[in-house]
Amino acid sequence: MEKEKSKILFVCTMNKSRSLTADHIYQDDPRFEVRSAGTSYTATNSVISPENLKWADYIIVMEGFHRGWIRDAFPEIYETKNISGLYIRDIYGYMQPELIELIKQKFENVWNRIERINKIIEK
């Protein structure tokens, strides 16, 4: 039986550089279904919504204040979700090589921790 893909929502402020880059990096990764969204109502591609928060198994924020924003805007959803931070500042452009490397390094570290915790829980 094939393992179900984990649903990952990447979140930043404007959904034009960091979260959109992460979305595109992991779009074809066989482990995940991915989406991205921004916390600002002027987000370029997708504004965060209750629907995409509920869809996600894991929410990956780019900075700590994105977690706080989700907590304040959607407290009942926040309480039920696994949210992790990459802590990548908004100083990079879309698909900038340094941003790609940083996202891969930090996300894989976070994902490895999530996997280890899930294995402990499953036992």
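Numbers for residues simply follow the sequence, beginning at 1.
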Contacts of Ala37 that satisfy side chain to side chain contact (heavy atoms under 4.5 Å, CB included) - sequence neighbours left out:
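Here the qualifying residues are Leu9, Ser46, Ile48, Asn52.
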Set of ring-ring contact (aromatic ring centres under 6.0 Å, His included) partners for Tyr58, sequence neighbours left out:
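Applying ring-ring contact (aromatic ring centres under 6.0 Å, His included) to Tyr58 gives Trp111.
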Is the closest side-chain heavy-atom distance between [X] and [Y] below 4.5 Å?
| X | Y | result |
| --- | --- | --- |
| Trp69 | Tyr78 | no |
| Asn82 | Ile114 | no |
| Ser19 | Val11 | no |
| Ile25 | Phe107 | no |

From [X] atom [atom1] to [Y] atom [atom2], the distance as rounded to the nearest 0.5 Å:
| X | Y | atom1 | atom2 | result |
| --- | --- | --- | --- | --- |
| Met62 | Ile88 | CE | CD1 | 5.5 Å |
| Leu53 | Ile83 | CG | CD1 | 7.5 Å |
| Leu99 | Tyr94 | CG | OH | 10.5 Å |
| Thr39 | Ile70 | OG1 | CD1 | 8.0 Å |

Same apolar cluster (I L V M F W Y, side chains within < 4.5 Å links), [X]/[Y]:
| X | Y | answer |
| --- | --- | --- |
| Ile91 | Ile103 | yes |
| Tyr41 | Phe74 | no |
| Ile60 | Trp55 | no |
| Ile8 | Leu102 | yes |
| Phe65 | Val61 | no |

For a quick test of reading the model, state the closest non-hydrogen atom pair linking [X] to [Y] and the distance between them.
| X | Y | answer |
| --- | --- | --- |
| Val110 | Ser84 | CG1-CB, 3.6 Å |
| Gly38 | Ala43 | CA-CB, 3.9 Å |
| Cys12 | Asn15 | SG-N, 3.3 Å |

Show every side chain to side chain donor-acceptor pair (under 3.5 Å) that has at least one partner inside residues 95-107, sequence neighbours left out.
Gln96-Glu98
Can we call the ring centroids of Phe10 and Phe32 under 6.0 Å apart?
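Between Phe32 and Phe10, which both carry aromatic rings, the centre distance is not below 6.0 Å.
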Not counting sequence neighbours, list each pair that qualifies as a salt bridge (charged side-chain N to carboxylate O under 4.0 Å, His left out) and has a residue in residues 65-89.
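Every pair satisfying salt bridge (charged side-chain N to carboxylate O under 4.0 Å, His left out) with a residue in residues 65-89: there are none.
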Show me the pairs that pass salt bridge (charged side-chain N to carboxylate O under 4.0 Å, His left out) and involve residues 16-43, at least two apart or across chains.
Arg18-Glu63, Arg18-Asp90, Asp29-Arg31, Arg31-Glu108
What residues join Ile117 in its hydrophobic cluster, counting side-chain heavy atom gaps under 4.5 Å, either direct or through other members?
Ile121
